[in-house]
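Note that this is a predicted model, so its numbers are computed, not measured.
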Amino acid sequence: MDVPWLLVAHGSVTALVVVSFLCGQWPIFEGTFVQSINHFLTSGAYRHFLRLVQAACGTGARDLVLGVEQYCCDRPNPILQVFYVAIIGGTYFIIVQSSFKYIPGYYVSVLHRYLSIVVVSIGAILFVLTSFSDPGTVTSENVSQYVSAYPFDNIIYVEKECSTCKITRPARAKHCRICDRCVARFDHHCGWMNNCIGEKNTRSFVAFLFWHFLLCLYGATILGFIVVGELKDKKVVYILTVYYGIDNSFSGLFPHIAQWLLAVHNTQILLVVFLGIIALLLGGFCAYHVHLCLSNTTTNETFKWQDYIFWMKKENAAKASAYTLKASINAASSEVQKSPPSKWKTFFSRSKTRAEEPVVKNNIYDVGWIRNLCEVMVPLSERRSFSCKKSE
């Protein structure tokens, strides 16, 4: 009876850590322990680790750790690419060694031995395409075309020169400090790809996310059918109910079936849990980027709009406060000439406040989800009209 509670505890802790890491900064979790866990995971744990290294090994060891951090986070490097290959290759190798012997099975046909190779290969091809493709580098040769293709909205994008590249920075472009180049329609720098995600490779990046979501879902489903097929083939439920007298109900069978699965098929169970968690993460990340594509927005622009709306709200609040203060002063000076109001009228009177002006997100690049999607699938720089455009 201890096995189910162990599984529930493990799943609950895993879910809490994942939710805290990904969603801890959401307003709904502000001031809660979820936000505290997120702060510890994202920054607190690393600071404590640095203090521990300095206390145990001295300042030199701490500087070494900071140097490794700078190499991993501030320079192009293939560390996460190698890690991705190791995860994909290692997981597939474990599945082949532990689960292919059950194929064909009660619910799984021999076709999946070869189909799995195809789906993993397609995922690897999308990874290579995204990692080694040009994200849309802005150079002195094409900057005039990009400036003409993406107009400045004078809200989050104004015309100015890139201080590093010494060229006009087009709207929607950004200079990546890691790759040291300006990228058109810059979304973010992806460490897993060791490449920027921009105008020309957003389509392959979203395809990569979507395909790996399907890949993890496919793997978890097939492994689940293998385990269920083994239960059916070995007649576990029949043996438990007939020979051991176990009650034929969920509450009666579940502890014994879980114990049998963990004893005989523990590898498959761990793989299903691992692939299920990764599928959830990839599915959410993919849905977020599909939403960005349909609204013709980038991750970089999302943060820019958040900052703009935040400061505009503060400015409007300050204007409203100044208006209220001015109105109160004028009212007080005008009432000096009049007879003093009664105490009850003064007590119940309220100062007139000016309503704050609403802040509207005016995304001029959103031209409808169909045209937005076409812009991602066929970037502006790959269209025939792009080469004909010149900045005025």
Side-chain angles (χ1 to χ4, degrees), residues 11 14 18 78-133 190-195 197 201-238 257-258 260-287 289-290 293 373 376-377:
T14 302
V18 172
I79 294 177
L80 288 180
Q81 288 178 303
V82 174
F83 190 48
Y84 162 81
V85 173
I87 291 176
I88 292 295
T91 303
Y92 188 69
F93 176 79
I94 294 173
I95 291 176
V96 170
Q97 293 294 316
S98 64
S99 304
F100 269 33
K101 58 186 176 183
Y102 301 111
I103 302 176
Y106 196 89
Y107 294 111
V108 182
S109 69
V110 71
L111 174 66
H112 293 284
R113 280 177 173 263
Y114 311 102
L115 184 60
S116 62
I117 300 176
V118 174
V119 295
V120 171
S121 300
I122 293 176
I125 292 172
L126 291 173
F127 172 74
V128 172
L129 287 176
T130 308
S131 297
F132 299 101
S133 60
C190 181
W192 292 97
M193 304 295 174
N194 193 26
N195 196 8
I197 305 302
N201 63 354
T202 296
R203 55 190 174 187
S204 59
F205 177 71
V206 176
F208 169 86
L209 292 177
F210 181 68
W211 189 260
H212 279 69
F213 163 70
L214 295 180
L215 175 62
C216 293
L217 201 62
Y218 167 73
T221 303
I222 293 302
L223 288 171
F225 276 121
I226 287 176
V227 171
V228 174
E230 284 296 296
L231 278 172
K232 190 77 173 179
D233 192 49
K234 298 293 192 300
K235 299 181 179 180
V236 175
V237 175
Y238 176 78
I257 292 178
W260 180 81
L261 290 175
L262 291 176
V264 180
H265 295 287
N266 54 348
T267 303
Q268 285 78 23
I269 297 299
L270 292 176
L271 285 171
V272 168
V273 173
F274 171 73
L275 292 175
I277 293 175
I278 300 299
L280 288 175
L281 297 178
L282 288 175
F285 198 45
C286 179
H289 276 277
V290 169
C293 292
L373 192 60
V376 173
M377 300 301 296

Exercise. Examine His112 together with Tyr218 and report whether their ring centres are nearer than 6.0 Å.
Key: yes

Quiz item: Are Gln81 and Phe127 side-chain neighbours, meaning at least one heavy-atom pair lies under 4.5 Å?
Solution: yes

Self-check item: Within 6.0 Å of NZ in Lys232, more than 12 heavy atoms from elsewhere
Solution: no

Quiz prompt | Interatomic distance, Ile222 atom CD1 to Ile95 atom CD1 [nearest 0.5 angstrom] | solution = 10.5 Å

Practice problem: Over 60° means perpendicular and under 30° means parallel, so classify the ring planes of His289 and Phe205, tilted if in between. | Solution: perpendicular

Quiz prompt | Side chain to side chain, Val206 and Val290, heavy atoms closer than 4.5 Å | solution = yes

Quiz prompt | Nearest heavy atoms of Val110 and Pro104, plus distance in Å | solution = N-CB, 3.8 Å

Quiz item: Are any of the side-chain heavy atoms of Phe213 and Leu209 separated by less than 4.5 Å?
Solution: no

Quiz item: Is there side-chain contact between Ile226 and Ile103, with heavy atoms separated by less than 4.5 Å?
Solution: yes

Exercise. Identify the two heavy atoms, one from Ile197 and one from Cys190, that lie closest to each other, and give their separation to 0.1 Å.
Key: CG1-CB, 4.0 Å

Quiz item: Got a sec: does the CZ of Phe100 have more than 12 other heavy atoms crowding it under 6.0 Å?
Solution: yes

Exercise. Show your reasoning for whether side chain to side chain contact (heavy atoms under 4.5 Å, CB included) applies to Leu231 and Trp260.
Key: CA-CA 10 Å; Leu231 278 172; Trp260 180 81; 3.5 Å; yes

Quiz item: In this structure, are over 12 heavy atoms from other groups packed under 6.0 Å from Phe210 atom CZ?
Solution: no

Quiz item: Any side-chain heavy-atom pair from Leu271 and Ile94 closer than 4.5 angstrom?
Solution: yes

Quiz item: Quick one: OH on Tyr84 to CZ on Phe208, what's the gap to the nearest 0.5 Å?
Solution: 4.5 Å

Quiz prompt | Donor-acceptor under 3.5 Å (Gln268 side chain, Ser98 main chain) | solution = yes

Quiz item: Can you name the closest pair of heavy atoms from Leu223 and Ser99 and give their distance?
Solution: CD2-OG, 3.4 Å

Quiz prompt | Distance-minimising heavy-atom pair for Asn195 and Ser131 | solution = ND2-O, 3.2 Å

Self-check item: Close side-chain approach of Tyr102 to Val227, heavy-atom, < 4.5 Å
Solution: no

Quiz prompt | Of all pairs that satisfy side chain to side chain donor-acceptor pair (under 3.5 Å), the ones with a partner from residues 113-129, not counting sequence neighbours | solution = Tyr92-Ser116

Practice problem: For the residue pair Phe274 and Thr91, establish whether any side-chain heavy-atom pair is separated by less than 4.5 Å. | Solution: yes

Self-check item: Which atom of Leu217 lies closest to which atom of Ala279, heavy atoms considered
Solution: N-CB, 4.2 Å

Quiz item: What about the rings of Phe285 and His212, do their centers lie closer together than 6.0 Å?
Solution: no

Quiz item: So, does Asp233 use its side chain to make a donor-acceptor pair with the main chain of Gly105 at under 3.5 Å?
Solution: no

Practice problem: Taking all heavy atoms of Ser133 and all of Asn201, pick out the closest pair and write down the distance. | Solution: OG-CB, 3.3 Å

Practice problem: Could you grab the distance from atom CG of Leu215 to atom CG of Leu126, nearest 0.5 Å is fine? | Solution: 10.5 Å

